Amino acid sequence: MALRSAAAAAVAAPRGLRRLFSTASTSPFIPPPTSAAAQAREQPEPSTNLFVSGLSKRTTTEKLQEAFSQFGEVVHARVVTDRVSGYSKGFGFVKYATLEDAAQGIQGMDGKFLDGWVIFAEYARPRPPLGQPGNNMAPPYGRQ
DNA sequence: TCTGAGCGA
């Protein structure tokens, strides 16, 4: 029981900022999120790719896929690990077969415990193209 | 074997 309370508290603030604006409904000044940037802030576009963060350093790809397969058909899953160290970076990606599976995967695994850590699942951001083939693998991605 | 709040080979 105590664990669920901790999970609820953790899911309420994965990064310290999640729904602070939603609780400020008593404020007379509420900026209407009609901007595309505002939607991209908390309204990520639906995608089969999910970004999972908060993973334990010991969480592996198979563990990630196994956990997310309970809520949908996972076609691919990967835990990002450091190339030099080989250790997990604490986050990974899960790709579902359909968008609905991805949505259920998020709502099913977001704020849940995995390897003793509260993980967070959300739609992954669209990354830029890999560039031209034949070039060095590891193009300087433009963050955000 | 580790780090922690992070978007990948």
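On a predicted model such as this, the values are computed, not experimentally measured, just so you know. In what follows, every chain begins at residue 1, and chains take the letters A, B, ... in the order their sequences are listed.
- For Lys57(A), whose side chain is taken as the heavy atoms from C-beta onward, the closest listed nucleotide among dG8(B), dG6(B), dG4(B) is dG4(B).
- Contact annotation: the side chain of Thr81(A) never approaches that of Lys89(A) to less than 4.5 Å [non-hydrogen atoms, C-beta and beyond].
- Residue pairs that meet the salt bridge (charged side-chain N to carboxylate O under 4.0 Å, His left out) test with at least one member in residues 48-70 of chain A, sequence neighbours left out, are Lys63(A)-Asp115(A).
- Here the side chain of Glu122(A) is nearest to one of dG4(B), dG8(B), dC7(B), namely dC7(B).
- Within residues 89-107 of chain A, the residues having any heavy atom closer than 4.0 Å to DNA chain B are, in order of number, Gly90(A), Phe91(A), Phe93(A).
- Ala77(A) and Gln65(A) get closest at one heavy-atom pair: CB-CB, 3.6 Å.
- The glycosidic torsion of dG4(B) lies more than 90° away from 0, placing the base in the anti range.
- For Arg58(A) and dG4(B), the CZ to C1' distance is 14 Å, given to the nearest whole Å.
- In this structure, OH of Tyr123(A) is placed 20 Å from P of dG8(B), rounded to the nearest angstrom.
- Nucleotides of DNA chain B nearest to Thr81(A) and Gly54(A) differ in position, and the one nearer the 5' end is that of Gly54(A).
- Of the candidates dA9(B), dG6(B), dG4(B), the closest approach to any side-chain atom of Arg78(A) belongs to dA9(B).
- Remark: P of dC7(B) and CD of Glu45(A) are 16 Å apart, rounded to the nearest angstrom.
- The side chain of Arg127(A) has dG8(B) as its nearest neighbour among dG6(B), dG4(B), dG8(B).
- For Asn49(A), the listed nucleotide lying nearest its side chain is dG8(B); candidates were dG8(B), dA5(B), dC7(B).
- dA5(B) atom C1' lies 14 Å from atom CG of Asp110(A), rounded to whole Å.
- Checked against side chain to side chain donor-acceptor pair (under 3.5 Å), Asn49(A) has no partners two or more places apart in sequence or in another chain.
- What you find for Tyr123(A) and Leu99(A) is that their closest heavy atoms are OH-O, 4.5 Å.
- Across every non-hydrogen atom of Phe113(A) and Val118(A), the tightest pair is CE2-CG2, 3.5 Å.
- Nucleic acid contact for Leu50(A): none, since no nucleic acid atom lies under 4.0 Å from a heavy atom of the residue.
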TODO: Evaluate the criterion ring-ring contact (aromatic ring centres under 6.0 Å, His included) for residue pair Phe51(A) and Phe91(A); output intermediate values, then yes/no.
DONE: CA-CA 7 Å; Phe51(A) 172 70; Phe91(A) 63 91; 5.6 Å; yes

